[in-house]
Amino acid sequence: MVLCALRRQLLMSGGRCGTWTRLLQRQSSGCVYSGTDGFNHQEIREKLLAFPGGSIDLLKQDSGIAVLTINNPSRMNAFSGSMMVDLEERVTQLENWTDGKGLVVQGAAETFCSGSDLNAVRAISNPQDGMKMCMFMQNTLTRLLRLPLISVALVEGRALGGGAELTTACDFRLMASGSVIQFVHKHMGLVPGWGGAARLVCIVGSQNALKLLGGAVKVDPELGLHIGLSDGVLEAQQEAEGAVTLLQQAENWLSRYTKGAAPVIQAVKKVVLSGRELPLSDALRTEKDVFGTVWGGPANLQALASKPKHK
Ligand SMILES: CCCC(=O)SCCNC(=O)CCNC(=O)[C@H](O)C(C)(C)COP(=O)(O)OP(=O)(O)OC[C@H]1O[C@@H](n2cnc3c(N)ncnc32)[C@H](O)[C@@H]1OP(=O)(O)O
(Lines give C-alpha, C1' and ligand atoms only; values in the text may rest on other atoms or scores of the structure.)
Protein backbone atom coordinates (compact mmCIF):
# COMPACT_ATOMS: atom_id res chain seq x y z
CA MET A 1 0.00 0.00 0.00
CA VAL A 2 2.82 2.40 0.85
CA LEU A 3 4.35 1.62 -2.52
CA CYS A 4 1.06 2.37 -4.27
CA ALA A 5 0.73 5.67 -2.43
CA LEU A 6 4.28 6.64 -3.30
CA ARG A 7 3.78 5.66 -6.93
CA ARG A 8 0.56 7.72 -7.14
CA GLN A 9 2.15 10.71 -5.47
CA LEU A 10 5.17 10.68 -7.75
CA LEU A 11 3.17 10.17 -10.92
CA MET A 12 0.86 13.03 -10.01
CA SER A 13 3.78 15.33 -9.32
CA GLY A 14 5.47 14.31 -12.58
CA GLY A 15 8.23 12.59 -10.56
CA ARG A 16 11.39 11.70 -12.44
CA CYS A 17 12.08 8.03 -13.04
CA GLY A 18 15.29 7.96 -10.97
CA THR A 19 13.65 9.49 -7.92
CA TRP A 20 10.68 7.17 -8.27
CA THR A 21 12.85 4.06 -8.55
CA ARG A 22 15.01 5.10 -5.59
CA LEU A 23 12.00 5.72 -3.37
CA LEU A 24 10.41 2.39 -4.27
CA GLN A 25 13.64 0.52 -3.64
CA ARG A 26 14.28 2.34 -0.39
CA GLN A 27 10.84 1.40 0.90
CA SER A 28 11.04 -2.24 -0.11
CA SER A 29 14.61 -3.14 0.93
CA GLY A 30 15.24 -0.87 3.90
CA CYS A 31 18.48 0.23 2.19
CA VAL A 32 19.43 3.71 1.02
CA TYR A 33 21.75 2.72 -1.85
CA SER A 34 21.37 0.12 -4.57
CA GLY A 35 22.81 -0.64 -8.01
CA THR A 36 21.12 2.45 -9.47
CA ASP A 37 23.35 4.57 -7.20
CA GLY A 38 26.47 2.78 -8.48
CA PHE A 39 26.59 0.70 -5.29
CA ASN A 40 28.15 -2.70 -5.93
CA HIS A 41 27.48 -4.65 -2.76
CA GLN A 42 29.70 -7.63 -3.58
CA GLU A 43 32.66 -5.46 -4.59
CA ILE A 44 32.69 -3.39 -1.39
CA ARG A 45 32.04 -6.47 0.75
CA GLU A 46 35.18 -8.10 -0.66
CA LYS A 47 37.21 -4.93 -0.12
CA LEU A 48 36.09 -4.74 3.50
CA LEU A 49 36.90 -8.39 4.16
CA ALA A 50 40.53 -7.58 3.33
CA PHE A 51 40.68 -5.77 6.72
CA PRO A 52 39.95 -8.49 9.28
CA GLY A 53 39.80 -8.40 13.08
CA GLY A 54 37.24 -8.50 15.86
CA SER A 55 33.63 -9.62 15.52
CA ILE A 56 30.04 -8.55 16.00
CA ASP A 57 28.32 -11.02 18.31
CA LEU A 58 24.58 -11.59 18.51
CA LEU A 59 22.73 -13.25 21.38
CA LYS A 60 18.99 -13.77 20.87
CA GLN A 61 17.23 -14.43 24.19
CA ASP A 62 13.90 -16.04 25.11
CA SER A 63 12.82 -12.70 26.61
CA GLY A 64 12.62 -11.33 23.04
CA ILE A 65 15.53 -8.97 23.78
CA ALA A 66 18.73 -9.59 21.78
CA VAL A 67 22.20 -8.31 22.67
CA LEU A 68 24.55 -7.16 19.90
CA THR A 69 28.16 -6.77 21.04
CA ILE A 70 30.85 -4.78 19.19
CA ASN A 71 33.84 -6.94 19.99
CA ASN A 72 37.38 -5.76 19.23
CA PRO A 73 38.75 -4.86 22.67
CA SER A 74 42.42 -4.59 21.69
CA ARG A 75 41.41 -1.62 19.49
CA MET A 76 38.79 -0.17 21.83
CA ASN A 77 36.12 -1.92 19.71
CA ALA A 78 37.07 -0.04 16.52
CA PHE A 79 35.30 -1.33 13.38
CA SER A 80 37.54 -3.43 11.14
CA GLY A 81 36.30 -4.09 7.59
CA SER A 82 35.22 -7.64 8.45
CA MET A 83 33.22 -6.29 11.42
CA MET A 84 31.28 -4.05 9.02
CA VAL A 85 30.39 -7.16 7.00
CA ASP A 86 29.60 -9.04 10.23
CA LEU A 87 27.26 -6.25 11.35
CA GLU A 88 25.35 -6.45 8.10
CA GLU A 89 24.89 -10.22 8.58
CA ARG A 90 23.71 -9.78 12.18
CA VAL A 91 21.17 -7.15 11.03
CA THR A 92 19.84 -9.62 8.45
CA GLN A 93 19.42 -12.21 11.23
CA LEU A 94 17.53 -9.67 13.34
CA GLU A 95 15.28 -8.72 10.40
CA ASN A 96 14.23 -12.38 10.25
CA TRP A 97 13.68 -12.82 14.00
CA THR A 98 9.91 -13.25 14.24
CA ASP A 99 9.89 -13.48 18.08
CA GLY A 100 12.09 -10.39 18.58
CA LYS A 101 10.93 -7.31 20.47
CA GLY A 102 14.02 -5.44 21.68
CA LEU A 103 17.73 -4.99 21.09
CA VAL A 104 20.60 -3.76 23.26
CA VAL A 105 23.74 -2.66 21.36
CA GLN A 106 26.85 -2.63 23.55
CA GLY A 107 30.64 -2.72 23.30
CA ALA A 108 32.85 -5.45 24.77
CA ALA A 109 35.14 -4.88 27.75
CA GLU A 110 33.42 -1.83 29.22
CA THR A 111 33.77 0.57 26.31
CA PHE A 112 31.40 1.19 23.41
CA CYS A 113 33.29 1.75 20.13
CA SER A 114 36.12 3.99 18.91
CA GLY A 115 34.80 4.30 15.35
CA SER A 116 36.50 3.06 12.18
CA ASP A 117 39.66 1.05 12.57
CA LEU A 118 42.26 3.69 11.72
CA ASN A 119 44.49 1.06 10.09
CA ALA A 120 41.74 0.30 7.56
CA VAL A 121 41.00 4.03 7.17
CA ARG A 122 44.65 4.69 6.25
CA ALA A 123 44.62 1.85 3.70
CA ILE A 124 41.45 3.05 1.92
CA SER A 125 41.99 6.79 2.24
CA ASN A 126 41.02 7.56 -1.39
CA PRO A 127 37.59 9.26 -1.71
CA GLN A 128 36.10 6.55 -4.01
CA ASP A 129 36.72 3.72 -1.55
CA GLY A 130 35.76 5.95 1.38
CA MET A 131 32.39 6.65 -0.23
CA LYS A 132 31.81 2.95 -0.94
CA MET A 133 32.49 2.10 2.72
CA CYS A 134 30.22 4.95 3.73
CA MET A 135 27.35 3.68 1.51
CA PHE A 136 27.79 0.16 2.91
CA MET A 137 27.62 1.41 6.51
CA GLN A 138 24.72 3.79 5.79
CA ASN A 139 22.74 0.88 4.33
CA THR A 140 23.46 -1.34 7.33
CA LEU A 141 22.81 1.31 9.98
CA THR A 142 19.60 2.41 8.25
CA ARG A 143 18.43 -1.22 8.31
CA LEU A 144 19.45 -1.41 12.00
CA LEU A 145 17.35 1.66 12.84
CA ARG A 146 14.43 0.30 10.79
CA LEU A 147 14.36 -3.10 12.52
CA PRO A 148 10.91 -3.92 13.91
CA LEU A 149 12.55 -4.02 17.36
CA ILE A 150 12.90 -1.30 19.99
CA SER A 151 16.63 -0.70 20.27
CA VAL A 152 18.88 0.94 22.83
CA ALA A 153 22.60 1.69 22.75
CA LEU A 154 24.26 0.99 26.10
CA VAL A 155 27.18 3.42 26.14
CA GLU A 156 30.01 2.57 28.52
CA GLY A 157 33.43 4.18 28.23
CA ARG A 158 33.74 5.94 24.90
CA ALA A 159 31.65 6.17 21.74
CA LEU A 160 33.89 8.03 19.30
CA GLY A 161 33.55 8.93 15.62
CA GLY A 162 31.70 6.09 13.90
CA GLY A 163 30.96 4.72 17.39
CA ALA A 164 29.03 7.90 18.18
CA GLU A 165 27.25 7.50 14.82
CA LEU A 166 26.30 3.93 15.72
CA THR A 167 24.54 5.13 18.89
CA THR A 168 22.25 7.28 16.71
CA ALA A 169 21.14 4.18 14.75
CA CYS A 170 19.33 2.97 17.89
CA ASP A 171 15.95 4.23 19.09
CA PHE A 172 17.36 5.14 22.53
CA ARG A 173 20.72 5.73 24.23
CA LEU A 174 21.58 4.97 27.86
CA MET A 175 24.87 6.36 29.16
CA ALA A 176 26.80 4.78 32.03
CA SER A 177 28.29 7.26 34.48
CA GLY A 178 31.71 8.37 33.24
CA SER A 179 30.90 7.58 29.60
CA VAL A 180 31.38 9.95 26.68
CA ILE A 181 29.81 10.25 23.23
CA GLN A 182 31.98 12.38 20.97
CA PHE A 183 31.70 13.07 17.26
CA VAL A 184 35.47 13.48 16.85
CA HIS A 185 35.22 13.64 13.05
CA LYS A 186 36.29 17.29 12.80
CA HIS A 187 39.53 16.47 14.60
CA MET A 188 40.10 13.77 11.95
CA GLY A 189 39.45 16.24 9.10
CA LEU A 190 36.13 14.49 8.43
CA VAL A 191 32.39 14.74 8.85
CA PRO A 192 30.16 11.81 9.81
CA GLY A 193 29.59 9.47 6.87
CA TRP A 194 27.63 6.58 8.36
CA GLY A 195 24.43 8.64 8.48
CA GLY A 196 25.25 9.98 11.95
CA ALA A 197 24.83 13.67 11.09
CA ALA A 198 21.37 13.25 9.57
CA ARG A 199 20.20 11.08 12.48
CA LEU A 200 21.77 13.42 15.06
CA VAL A 201 19.79 16.37 13.68
CA CYS A 202 16.58 14.33 14.09
CA ILE A 203 17.50 13.45 17.69
CA VAL A 204 18.85 16.74 19.11
CA GLY A 205 17.83 19.35 16.48
CA SER A 206 20.07 21.21 14.05
CA GLN A 207 21.37 23.79 16.58
CA ASN A 208 22.66 21.16 18.98
CA ALA A 209 23.93 18.97 16.14
CA LEU A 210 25.95 21.88 14.77
CA LYS A 211 27.47 22.48 18.20
CA LEU A 212 28.31 18.80 18.73
CA LEU A 213 29.88 18.35 15.28
CA GLY A 214 31.42 21.83 14.94
CA GLY A 215 33.01 21.68 18.39
CA ALA A 216 33.64 17.91 18.53
CA VAL A 217 32.03 18.29 21.97
CA LYS A 218 32.52 15.58 24.60
CA VAL A 219 28.98 14.66 25.62
CA ASP A 220 28.90 13.30 29.16
CA PRO A 221 25.74 11.74 30.68
CA GLU A 222 24.54 15.06 32.12
CA LEU A 223 24.88 16.97 28.83
CA GLY A 224 23.45 13.95 26.98
CA LEU A 225 20.28 14.07 29.07
CA HIS A 226 20.05 17.85 28.80
CA ILE A 227 20.07 17.91 24.98
CA GLY A 228 18.07 14.71 24.54
CA LEU A 229 20.90 12.60 23.13
CA SER A 230 20.69 10.31 26.15
CA ASP A 231 17.49 8.78 27.51
CA GLY A 232 18.88 7.75 30.88
CA VAL A 233 21.97 7.40 33.06
CA LEU A 234 23.07 4.07 34.51
CA GLU A 235 25.31 3.64 37.55
CA ALA A 236 27.76 0.75 37.62
CA GLN A 237 27.29 -1.26 40.85
CA GLN A 238 30.13 -2.76 42.88
CA GLU A 239 30.50 -6.44 42.05
CA ALA A 240 28.72 -8.26 44.87
CA GLU A 241 25.85 -10.62 45.39
CA GLY A 242 22.67 -9.00 44.08
CA ALA A 243 24.57 -6.41 42.05
CA VAL A 244 22.88 -5.64 38.74
CA THR A 245 25.24 -5.32 35.77
CA LEU A 246 24.89 -2.41 33.36
CA LEU A 247 23.62 -4.82 30.70
CA GLN A 248 20.92 -6.12 33.07
CA GLN A 249 20.00 -2.52 33.93
CA ALA A 250 19.69 -1.70 30.23
CA GLU A 251 17.54 -4.78 29.62
CA ASN A 252 15.32 -3.87 32.60
CA TRP A 253 14.96 -0.32 31.26
CA LEU A 254 14.03 -1.65 27.82
CA SER A 255 11.61 -4.30 29.15
CA ARG A 256 9.01 -1.67 30.08
CA TYR A 257 8.64 -1.04 26.32
CA THR A 258 8.91 -4.66 25.18
CA LYS A 259 6.40 -6.19 27.59
CA GLY A 260 3.62 -7.85 25.57
CA ALA A 261 3.18 -9.89 22.41
CA ALA A 262 5.92 -9.63 19.76
CA PRO A 263 3.55 -8.74 16.87
CA VAL A 264 2.19 -5.81 18.91
CA ILE A 265 5.63 -4.47 19.92
CA GLN A 266 6.81 -4.82 16.31
CA ALA A 267 3.69 -2.98 15.15
CA VAL A 268 4.41 -0.14 17.62
CA LYS A 269 7.89 0.26 16.15
CA LYS A 270 6.54 0.17 12.57
CA VAL A 271 3.96 2.94 13.10
CA VAL A 272 6.49 5.18 14.85
CA LEU A 273 9.06 4.52 12.12
CA SER A 274 6.63 5.38 9.33
CA GLY A 275 5.58 8.53 11.23
CA ARG A 276 9.24 9.50 11.51
CA GLU A 277 10.24 8.77 7.93
CA LEU A 278 7.24 9.17 5.61
CA PRO A 279 5.14 12.13 4.51
CA LEU A 280 1.95 12.29 6.61
CA SER A 281 -0.41 10.81 4.01
CA ASP A 282 1.89 7.80 3.47
CA ALA A 283 2.46 7.39 7.21
CA LEU A 284 -1.31 7.31 7.75
CA ARG A 285 -1.75 4.61 5.12
CA THR A 286 1.04 2.56 6.67
CA GLU A 287 -0.53 3.00 10.10
CA LYS A 288 -3.83 1.71 8.72
CA ASP A 289 -2.10 -1.35 7.20
CA VAL A 290 -0.18 -2.11 10.41
CA PHE A 291 -3.39 -1.64 12.43
CA GLY A 292 -4.96 -4.31 10.22
CA THR A 293 -2.27 -6.79 11.27
CA VAL A 294 -3.10 -6.51 15.01
CA TRP A 295 -6.87 -5.78 14.96
CA GLY A 296 -8.63 -9.04 15.84
CA GLY A 297 -5.27 -10.70 16.42
CA PRO A 298 -4.54 -13.02 19.37
CA ALA A 299 -3.33 -10.25 21.72
CA ASN A 300 -6.32 -8.05 20.84
CA LEU A 301 -8.86 -10.89 21.37
CA GLN A 302 -7.24 -11.91 24.64
CA ALA A 303 -7.36 -8.31 25.91
CA LEU A 304 -11.02 -7.98 24.93
CA ALA A 305 -11.89 -11.25 26.72
CA SER A 306 -10.25 -10.07 29.94
CA LYS A 307 -12.52 -6.97 30.16
CA PRO A 308 -9.63 -4.64 31.09
CA LYS A 309 -9.94 -1.47 33.19
CA HIS A 310 -7.06 0.94 32.46
CA LYS A 311 -6.90 2.59 35.87
C1 LIG B 1 33.06 7.62 9.41
C2 LIG B 1 33.83 7.05 10.60
C3 LIG B 1 34.82 8.03 11.16
C4 LIG B 1 35.68 7.45 12.27
O5 LIG B 1 35.23 6.68 13.04
S6 LIG B 1 37.32 7.96 12.35
C7 LIG B 1 37.95 7.17 13.79
C8 LIG B 1 37.63 7.96 15.01
N9 LIG B 1 38.24 7.38 16.18
C10 LIG B 1 39.43 7.73 16.64
O11 LIG B 1 40.10 8.57 16.07
C12 LIG B 1 39.89 7.03 17.90
C13 LIG B 1 41.38 7.21 18.11
N14 LIG B 1 41.76 6.61 19.39
C15 LIG B 1 41.78 7.29 20.53
O16 LIG B 1 41.45 8.45 20.59
C17 LIG B 1 42.24 6.55 21.75
O18 LIG B 1 42.86 5.34 21.35
C19 LIG B 1 41.09 6.23 22.73
C20 LIG B 1 39.94 5.51 22.05
C21 LIG B 1 40.59 7.54 23.35
C22 LIG B 1 41.61 5.31 23.87
O23 LIG B 1 42.72 5.89 24.47
P24 LIG B 1 43.54 5.07 25.57
O25 LIG B 1 42.60 4.62 26.63
O26 LIG B 1 44.70 5.91 25.96
O27 LIG B 1 44.01 3.75 24.85
P28 LIG B 1 45.01 3.62 23.59
O29 LIG B 1 45.04 4.86 22.78
O30 LIG B 1 46.28 3.07 24.07
O31 LIG B 1 44.20 2.53 22.72
C32 LIG B 1 44.29 1.15 22.98
C33 LIG B 1 44.58 0.49 21.66
O34 LIG B 1 43.45 0.68 20.82
C35 LIG B 1 43.86 1.20 19.57
N36 LIG B 1 42.78 2.00 18.98
C37 LIG B 1 41.94 2.82 19.62
N38 LIG B 1 41.09 3.35 18.75
C39 LIG B 1 41.39 2.83 17.54
C40 LIG B 1 40.86 2.99 16.24
N41 LIG B 1 39.80 3.79 16.01
N42 LIG B 1 41.42 2.29 15.24
C43 LIG B 1 42.46 1.47 15.46
N44 LIG B 1 43.01 1.28 16.66
C45 LIG B 1 42.46 1.97 17.69
C46 LIG B 1 45.09 2.04 19.92
O47 LIG B 1 45.87 2.28 18.77
C48 LIG B 1 45.77 1.14 20.93
O49 LIG B 1 46.45 0.11 20.24
P50 LIG B 1 47.95 -0.29 20.63
O51 LIG B 1 47.85 -0.76 22.06
O52 LIG B 1 48.74 0.95 20.49
O53 LIG B 1 48.31 -1.37 19.67
Side-chain angles (χ1 to χ4, degrees), residues 31-33 39 44-45 47-56 69-88 91 105-145 153-170 173 175-201 203 209 212-221 223-224 229 236:
C31 289
V32 180
Y33 303 106
F39 179 70
I44 181 64
R45 198 174 179 279
K47 266 190 202 281
L48 292 171
L49 287 172
F51 302 99
S55 62
I56 305 291
T69 305
I70 318 301
N71 192 353
N72 193 7
S74 64
R75 294 186 175 169
M76 309 295 279
N77 299 330
F79 262 89
S80 66
S82 64
M83 286 167 72
M84 295 181 192
V85 173
D86 248 17
L87 179 65
E88 190 200 35
V91 168
V105 179
Q106 66 166 6
E110 296 172 10
T111 193
F112 190 74
C113 170
S114 65
S116 283
D117 183 330
L118 293 173
N119 303 300
V121 170
R122 281 181 202 106
I124 57 162
S125 62
N126 68 80
Q128 288 75 22
D129 283 345
M131 276 164 60
K132 286 176 189 166
M133 181 270 288
C134 149
M135 287 196 271
F136 187 92
M137 284 303 280
Q138 278 194 17
N139 270 357
T140 304
L141 294 185
T142 303
R143 287 170 58 199
L144 177 66
L145 186 59
L154 164 56
V155 182
E156 267 187 278
R158 293 188 176 92
L160 304 181
E165 296 193 60
L166 173 59
T167 72
T168 65
C170 294
R173 283 144 293 283
M175 294 181 74
S177 51
S179 67
V180 167
I181 299 177
Q182 188 180 11
F183 293 83
V184 295
H185 305 74
K186 193 183 86 165
H187 291 328
M188 302 298 296
L190 291 172
V191 292
W194 296 357
R199 291 188 297 267
L200 185 65
V201 168
I203 297 166
L212 297 193
L213 299 184
V217 175
K218 279 188 182 164
V219 180
D220 63 19
L223 178 59
L229 183 59

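When a ligand or atom number is given, it counts from 1 through the structure's own listing order.
One finds the CZ atom of Arg173 at 5.5 Å from the CG atom of Leu229 (value rounded to the nearest 0.5 Å). Remark: Leu154 CG to Cys170 SG distance equals 10.0 Å, nearest 0.5 Å. Atoms CD1 and CE, on Ile56 and Met83 in that order, are 4.0 Å from each other to the nearest 0.5 Å.
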Could you tell me, for ligand 1, which of its N or O atoms are under 3.5 Å from any protein N or O, listing the pairs and their distances rounded to 0.1 Å?
| unit_1 | atom_1 | unit_2 | atom_2 | d |
| --- | --- | --- | --- | --- |
| ligand 1 | 5 (O) | Ser116 | N | 2.9 |
| ligand 1 | 5 (O) | Gly162 | N | 2.9 |
| ligand 1 | 9 (N) | Ser114 | O | 2.8 |
| ligand 1 | 34 (O) | Ser74 | O | 3.3 |
| ligand 1 | 38 (N) | Ser114 | OG | 3.0 |
| ligand 1 | 41 (N) | Ser114 | O | 3.1 |
| ligand 1 | 41 (N) | Ser114 | OG | 3.3 |
| ligand 1 | 41 (N) | Ser116 | O | 3.0 |
| ligand 1 | 42 (N) | Leu118 | N | 2.8 |

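Between Phe39 and Phe136, the ring planes lie tilted relative to each other; the angle falls in the 30° to 60° range.
Contact check for Phe79 versus Met133: no side-chain heavy atoms found under the 4.5 Å cut-off.
Using modelled atom types, no side-chain atom of Asn72 and backbone atom of Gly53 make a donor-acceptor pair closer than 3.5 Å.
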